[in-house]
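Note that ligands are numbered from 1 as they come in the structure, with each ligand's atoms numbered from 1 the same way. Source: prediction; values computed, not measured.
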Amino acid sequence: MTMLRPMLHAAAGSATARTVVERSPLTRPVVRRFIAGDSVTDAIDTTETLLGSGRLVTLDHLGEDTTNADQADATVRAYQELLKRLADKGFTKGAEVSVKLSAVGQKLDAGLTLDNARRICVAAESAGATVTLDMEDHTTTDATLTVLHELRADFPWVGAVLQAYLRRTEGDCRDLATSGSRIRLCKGAYAEPSSVVFIDKQEVDKSYVRCLKVLMAGAGYPMVASHDPRLIAIAGYLAAEAGRDADSFEYQMLYGIRPDEQQRLADEGNRIRVYLPYGTEWYGYFMRRLAERPANLAFFLRSLATKN
Ligand code: FDA
């Protein structure tokens with residue numbers, strides 16, 4: 001299993017593997033476990049179901065590593081349409097959007113990226129929704145935090161993701177645990193060198209707890225993005241210890257992962273938000289979900305085998 005993870009990360013970057021996986025019609029049912037569907041209508045319908053169950057939602061229009069300005073512009077327009085559709089349905093009290101800066105030009109130009117991110121924030125503001133910046137590989141961390149800082153000057157409700165596997169993250173949590181600051185803390189999902197990340201799973205978990213302590217004790221709004229039962233229990237304990245009520249932080253999980261636990265948290269009166277991706281560019285996202293949990297790969301291969 002330990003060999004599988006790097007192989008899956010390598011496949012995530014391989015054009016050949018991408019073609020094989022994307023073209024197989026047999027892939028679709030497995031992909032659908034993690035993704036609302038190809039269209040904005042699929043995303044809106046699934047949002048409606050999740051909101052109806054008492055869960056909150058953050059929507060991700062899938063796409064990353066955009067290589068030209070037209071593609072980046074198309075991503076911005078997709079978010080503008082999504083936000084309008086959410087507002088028309090009256091969903092923006094419970095639904096926000098998550099944005100990968102690489103989808104709006106981070107690999108092309110810093111000015112273009114900031115302009116595009118601003119356009120999404122303007123659309124979110126008029127829809128009454130918030131925006132959270134996803135965090136990608138470690139080479140983008142500083143640039144993403146710079147964009148966060150610029151955006152928050154005009155849109156103080158913009159949030160960001162920090163990844164506990166990065167050695168630097170406890171310090172970033174200290175800097176960002178300030179009033180109004182929305183920080184989504186996750187473990188981290190990219191293949192990274194040991195010079196920048198904790199490799200050992202237990203070290204990552206310990207880092208997560210240290211970061212969580214900083215965020216819960218701080219003045220911001222912590223978003224506990226994990227499916228790990230131990231970390232979820234610790235988050236509840238730390239929130240109580242910090243005197244936080246249920247509205248002053250939230251749990252977050254990915255669509256399709258531990259849905260029963262999502263519902264339990266909602267039923268107990270906690271704020272729990274589901275990260276809901278949609279769109280045709282699902283390959284990178286899907287491969288990271290397989291790499292996180294190689295058992296998913298076995299499930300995926302079994303489902304291919306039984307259909308042959
Ligand atoms: P861990 O991986 O230890 O899993 C704990 C348990 O959860 C597992 O034992 C299993 O039961 C279940 N589980 C976890 N992953 C599963 C999977 N793929 N399939 C089935 N079961 C699974 N990362 C990043 O680098 N940048 C980002 O911007 C984000 N954004 C983000 C938003 C939200 C809302 C979440 C929940 C996660 C992210 N992530 C992310 C992904 C994150 O970094 C991490 O890879 C996954 O959440 C898995 O880590 P856990 O904390 O769940 O623990």
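Applying the 4.0 Å criterion to heavy atoms of Q252 picks out, from ligand 1, the atoms 34 (C), 36 (C). Set against the non-hydrogen atoms of Y275, the atoms of ligand 1 under 4.0 Å away are 32 (C), 34 (C). Atoms of ligand 1 lying under 4.0 Å from at least one heavy atom of A225, given by number and element, are 33 (C), 34 (C), 35 (C), 36 (C). Using a 4.0 Å cut-off to heavy atoms of D134, the atoms of ligand 1 that qualify are 28 (O). Close approach of ligand 1 to K201 is summarised as follows: ligand atoms under 4.0 Å from at least one heavy atom of the residue are 3 (O).
Heavy-atom minimum distance, A95 versus A129: O-CB, 3.8 Å.
At a 4.0 Å cut-off, not a single heavy atom of K100 sits close enough to ligand 1 to count as contact. For R230, the closest heavy-atom approach to ligand 1 does not fall below 4.0 Å.
Taking any N or O of R184, backbone or side chain, none lies under 3.5 Å from an N or O belonging to ligand 1. Looking at R33 next to ligand 1, no N or O pair under 3.5 Å apart turns up. Considering backbone and side-chain N/O of A189, one or more are found under 3.5 Å from N/O of ligand 1. Note: an N/O pair closer than 3.5 Å links G188 and ligand 1 by distance alone. Of the polar atoms of R289, at least one N or O is found under 3.5 Å from an N or O of ligand 1, judged by distance alone. Considering backbone and side-chain atoms together, H227 places an N or O closer than 3.5 Å to an N or O of ligand 1. At under 3.5 Å, a nitrogen or oxygen of Q163, whether backbone or side chain, sits near a nitrogen or oxygen of ligand 1.
Of the protein's non-hydrogen atoms, the one nearest atom 35 (C) of ligand 1 is L254 CD2, 3.4 Å. Shortest contact from atom 28 (O) of ligand 1 to any protein heavy atom: M135 N, 3.0 Å. N296 ND2, 2.7 Å is the protein heavy atom nearest to atom 19 (N) of ligand 1. The nearest heavy-atom contact from the protein to atom 9 (O) of ligand 1 is R293 NH1, 4.0 Å. Shortest contact from atom 45 (O) of ligand 1 to any protein heavy atom: E292 OE2, 2.6 Å. When hydrogens are left out, the protein atom nearest atom 2 (O) of ligand 1 is K187 NZ, 4.5 Å; that is the closest non-hydrogen contact. The nearest protein atom to atom 50 (P) of ligand 1, hydrogens excluded, is given as S226 OG, 3.7 Å; this is a heavy-atom distance. Atom 23 (N) of ligand 1 has C186 SG, 3.5 Å as its closest protein atom, hydrogens excluded (heavy atom only).
A cation-pi arrangement is present between R289 and Y285, with the terminal nitrogen or guanidinium carbon under 6.0 Å from the aromatic centre and inside a 45° cone about the axis.
Y275 and I120 fall into different hydrophobic clusters, defined by Ile, Leu, Val, Met, Phe, Trp and Tyr side-chain heavy atoms under 4.5 Å apart, directly or through other members. Hydrophobic clustering (ILVMFWY, side-chain heavy atoms < 4.5 Å, transitive): L50 and V40 are in one cluster.
Side chain to side chain, T139 and D137 meet the donor-acceptor criterion of an N or O pair below 3.5 Å. A donor and an acceptor atom, one from each side chain of R167 and S207, are nowhere located under 3.5 Å apart. Between the side chains of T144 and Q106, at least one donor N or O sits under 3.5 Å from an acceptor N or O. Q263 and E261 are not linked by any side-chain donor-acceptor pair at a separation below 3.5 angstrom, with hydrogens and angles left out of the test.
In this structure, Y278 has its ring center under 6.0 Å from that of H61.
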Checklist entry - Would D175 and R168 satisfy salt bridge (Lys or Arg N to Asp or Glu O under 4.0 Å), going step by step from the backbone distance to the final call? => result CA-CA 11 Å; D175 294 345; R168 60 176 283 170; over 6 Å; no
Item to check | Audit row: S98, T132, side chain to side chain donor-acceptor pair (under 3.5 Å) steps and yes/no | outcome: CA-CA 5 Å; S98 288; T132 304; 5.0 Å; no
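Counting non-hydrogen atoms of neighbouring residues, nucleotides and ligands closer than 6.0 angstrom, the CZ atom of R230 reaches no more than 12 such neighbours.
Salt bridge status for D65 with K100: absent, with no side-chain N to carboxylate O gap under 4.0 Å. Under the 4.0 Å criterion applied to side-chain N and carboxylate O atoms, E64 and R288 are assigned as salt-bridge partners.
Inside a 4.0 Å radius of atom 26 (N) of ligand 1 there is at least one protein heavy atom.
Using a 4.0 Å cut-off between heavy atoms, V161 contacts ligand 1 through its side chain alone, with no backbone atom that close.
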